[in-house]
Amino acid sequence: MFSEPQSEQELLTRARDVAGLTLGELGARVEIEVPDEAVRAKGVAGQILEKALGATAASRAEPDFLKLGIELKTIPLDSAGKPKESTFVCSISLSTMADTDWERSTVFKKLSKVLFVPVEAASKTPLRDRRVGRAYLWAPNAEEQRRLRTDWERLAEMIAVGDVERITGHLGEVLQVRPKAPHGRSRRRAPDEEGAVQWTMPRGFYLRPSFTAAVLARLRALD
DNA sequence: TATTGATCATAT
DNA sequence: ATATGATCAATA
């Protein structure tokens with residue numbers, strides 16, 4: 001049950017088999033406690049699903065399902081069935097953005113194939129009682145790819161030319177750059193406008209909820 | 001109240 | 001320290 005799935009079909013079947021279970025129930029199966037305080041439980045849904053579906057070791061710059069090249073993302077849904085939060089994609093290496101391009105980017109690789117597992121997240125429902133939803137396998141279509149690329153290229157360019165401090169969460173139609181740090185004191189190297197080093201807050205790429213909503217709508221329609 | 005900016009936990 | 005897993009909470 002918790003071994004690495006050997007095919008896409010096996011992964012999808014497993015994911016769909018746990019649909020309907022609560023985080024508390026699934027957490028018990030994989031020996032992960034669901035904390036009472038939500039603020040102390042930000043990543044637990046993802047951790048429970050990783051373990052339950054047989055993702056290979058977490059905390060590595062690799063796909064969750066290495067053999068299949070598939071990334072796992074849990075996605076919190078509000079009472080209307082729409083994504084409640086943005087989806088974190090990856091942290092950004094600010095100092096090497098100038099040396100990469102879209103096809104070689106971490107965002108491109110991470111999003112090439114994703115298993116989305118929706119999780120009920122109506123704020124009135126206690127975390128342990130929230131149910132896992134129907135999972136979908138996603139690969140960006142041409143249009144989604146184009147929109148991601150457009151945003152990525154603009155944001156990457158800003159970082160590369162030293163304008164990282166001018167980036168806000170307002171930029172990007174589907175992909176945005178926002179802080180991603182353990183606390184407010186962390187700093188990362190980034191190029192400044194003269195190409196010298198400046199220290200700034202660590203950041204990551206995130207998918208906007210409106211984008212993941214559209215993706216889920218497309219996948220549901222297909223199935 | 002939707003969205004941006006800040007933060008929490010665990011693993012290596 | 002920095003990667004993973006994200007959601008909280010202040011702001012507009």
Side-chain angles (χ1 to χ4, degrees), chain A residues 15 23 26-27 30-66 70-80 82-97 105-107 109-111 114-128 130 132-133 135 151 155 158 164-190 197 199-214:
Chain A
L23 290 181
L26 192 54
V30 299
E31 301 176 294
I32 292 178
E33 282 282 323
V34 180
D36 291 320
E37 278 184 284
V39 69
R40 310 251 170 245
K42 293 186 185 179
V44 286
Q47 286 154 2
I48 288 170
L49 266 301
E50 276 186 338
K51 203 163 171 185
L53 300 181
T56 46
S59 280
R60 312 172 67 159
E62 293 174 343
D64 293 299
F65 303 98
L66 191 54
I70 294 175
E71 182 69 19
L72 171 66
K73 292 292 177 199
T74 58
I75 184 158
L77 301 185
D78 64 21
S79 49
K82 295 177 64 178
K84 190 180 156 191
E85 292 287 349
S86 56
T87 299
F88 172 69
V89 180
C90 59
S91 18
I92 303 175
S93 172
L94 299 166
S95 50
T96 61
M97 276 309 261
S105 69
T106 310
V107 174
K109 288 174 189 160
K110 286 255 178 185
L111 298 184
V114 178
L115 181 73
F116 280 116
V117 182
V119 176
E120 240 183 358
S123 41
K124 61 166 199 173
T125 310
L127 203 53
R128 63 163 44 81
R130 297 181 184 180
V132 176
D151 288 341
L155 294 163
M158 288 182 74
V164 63
E165 298 285 19
R166 295 228 271 265
I167 295 177
T168 72
H170 297 276
L171 299 178
E173 286 182 36
V174 300
L175 185 71
Q176 60 183 170
V177 168
R178 304 221 309 278
K180 169 61 171 170
H183 50 69
R185 285 111 55 206
S186 24
R187 288 293 181 275
R188 287 320 243 333
R189 282 190 172 79
V197 276
W199 291 87
T200 188
M201 171 155 303
R203 298 164 203 241
F205 283 111
Y206 295 80
L207 299 176
R208 290 187 179 278
S210 54
F211 180 68
T212 49

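Just so you know, these numbers use all the heavy atoms, side chains as well, and skip hydrogens, waters and symmetry mates. Below, chains carry the letters A, B, ... as their sequence lines are ordered, and counting in each starts from 1.
Of the candidate nucleotides C/dG5, B/dT7, C/dC8, C/dC8 has the atom nearest to the side chain of A/Lys84.
Using a 4.0 Å heavy-atom criterion, one finds that A/Glu71 contacts the sugar-phosphate atoms exclusively. Residue A/Lys110 is classed as a sugar-phosphate contact, given heavy-atom separations below 4.0 Å to backbone atoms only.
Judged by distance alone, with hydrogens and angles left aside, A/Lys180 brings no side-chain donor or acceptor close enough to the base of B/dT7 to form a pair under 3.5 Å.
Applying the salt bridge (Lys or Arg N to Asp or Glu O under 4.0 Å) test to residues at least two apart or on different chains, the pairs with a partner in residues 115-128 of chain A are A/Asp36-A/Arg128.
Using a 4.5 Å heavy-atom threshold, the side chains of A/Val174 and A/Leu207 count as separate. Between A/Val119 and A/Ile75 there is no side-chain heavy-atom pair separated by less than 4.5 Å.
Rounded to 10 degrees, the angle separating the terminal helix axes of the helix from B/dT1-C/dA12 to B/dT12-C/dA1, each built from five base pairs, is 30°.
Going from atom CG of A/Leu127 over to atom C1' of C/dG5 covers 13 Å, rounded to whole Å. To the nearest angstrom, P of C/dT4 lies 14 Å from CG of A/Leu66. Put simply, CG on A/Leu155 is 12 Å from P on B/dT4, counting in whole angstrom units. When rounded to the nearest whole Å, the span between CE of A/Met201 and P of C/dT2 equals 14 Å. The nearest whole Å value for the distance from the CZ atom in A/Phe211 to the P atom in B/dA2 is 21 Å. Note: CZ (A/Phe88) to C1' (B/dT7) measures 13 Å, nearest angstrom. A/Arg203 places its CZ atom 18 Å from the C1' atom of C/dA3, with the value rounded to the nearest Å. As rounded to whole Å, 17 Å separates atom P of C/dG5 from atom CG of A/Leu26.
Between A/Arg178 and the phosphate of B/dA6, there is no side-chain N or O to OP1/OP2 separation shorter than 4.0 Å. At the phosphate of C/dT4, OP1 or OP2 sits under 4.0 Å from a side-chain N or O atom of A/Ser91. At least one side-chain nitrogen or oxygen of A/Thr74 sits closer than 4.0 Å to the OP1 or OP2 atom of C/dA6. Between A/Gln47 and B/dT10 there is no side-chain polar atom (N or O) within less than 4.0 angstrom of OP1 or OP2.
Mapping A/Lys42 and A/Cys90 onto DNA chain C by nearest heavy atom places A/Cys90 closer to the 5' end of the strand. Residue whose closest nucleotide on DNA chain C sits further toward the 5' end, between A/Arg187 and A/Val44: A/Arg187. Nearest-nucleotide positions on DNA chain B place A/Glu85 closer to the 5' end than the other of A/Glu85 and A/Gly184.
For A/Arg166, the salt bridge (charged side-chain N to carboxylate O under 4.0 Å, His left out) test picks out A/Asp163, A/Glu193, with sequence neighbours left out. Applying the side chain to side chain donor-acceptor pair (under 3.5 Å) rule to A/Ser95 yields no partners; only residues at least two apart in sequence or on another chain are considered. By the salt bridge (charged side-chain N to carboxylate O under 4.0 Å, His left out) test, A/Glu31 pairs with no residue at all, sequence neighbours left out. When the side chain to side chain contact (heavy atoms under 4.5 Å, CB included) test is applied to A/Thr96, the partners found at least two apart in sequence or on another chain are A/Ser93, A/Asp99. A/Thr74 pairs by the side chain to side chain donor-acceptor pair (under 3.5 Å) definition with nothing, not counting sequence neighbours. By the side chain to side chain contact (heavy atoms under 4.5 Å, CB included) test, A/Lys180 is found to be paired with A/Phe88, A/Tyr206, residues two or more places apart in sequence or in another chain being considered. Looking at residues two or more places apart in sequence or on another chain, you find a side chain to side chain donor-acceptor pair (under 3.5 Å) between A/Thr200 and A/Glu165, A/Arg203. Considering only residues two or more places apart in sequence or on other chains, A/Val30 meets the side chain to side chain contact (heavy atoms under 4.5 Å, CB included) condition with A/Phe2, A/Ile32, A/Ile48, A/Lys51, A/Ala52.
Summarising the geometry, atom NE2 belonging to A/His170 is positioned 11.0 Å from atom CZ belonging to A/Arg178; distances are rounded to the nearest 0.5 Å. The OG1 atom of A/Thr87 lies 15.0 Å from the CZ atom of A/Phe205; values are rounded to the nearest 0.5 Å.
Heavy-atom distances under 4.0 Å link DNA chain B to A/Val39, A/Arg40 of residues 34-41 of chain A, given in residue order. Non-hydrogen atoms lying under 4.0 Å from DNA chain B are contributed by A/Thr168, A/Gly169, A/His170, all within residues 165-173 of chain A.
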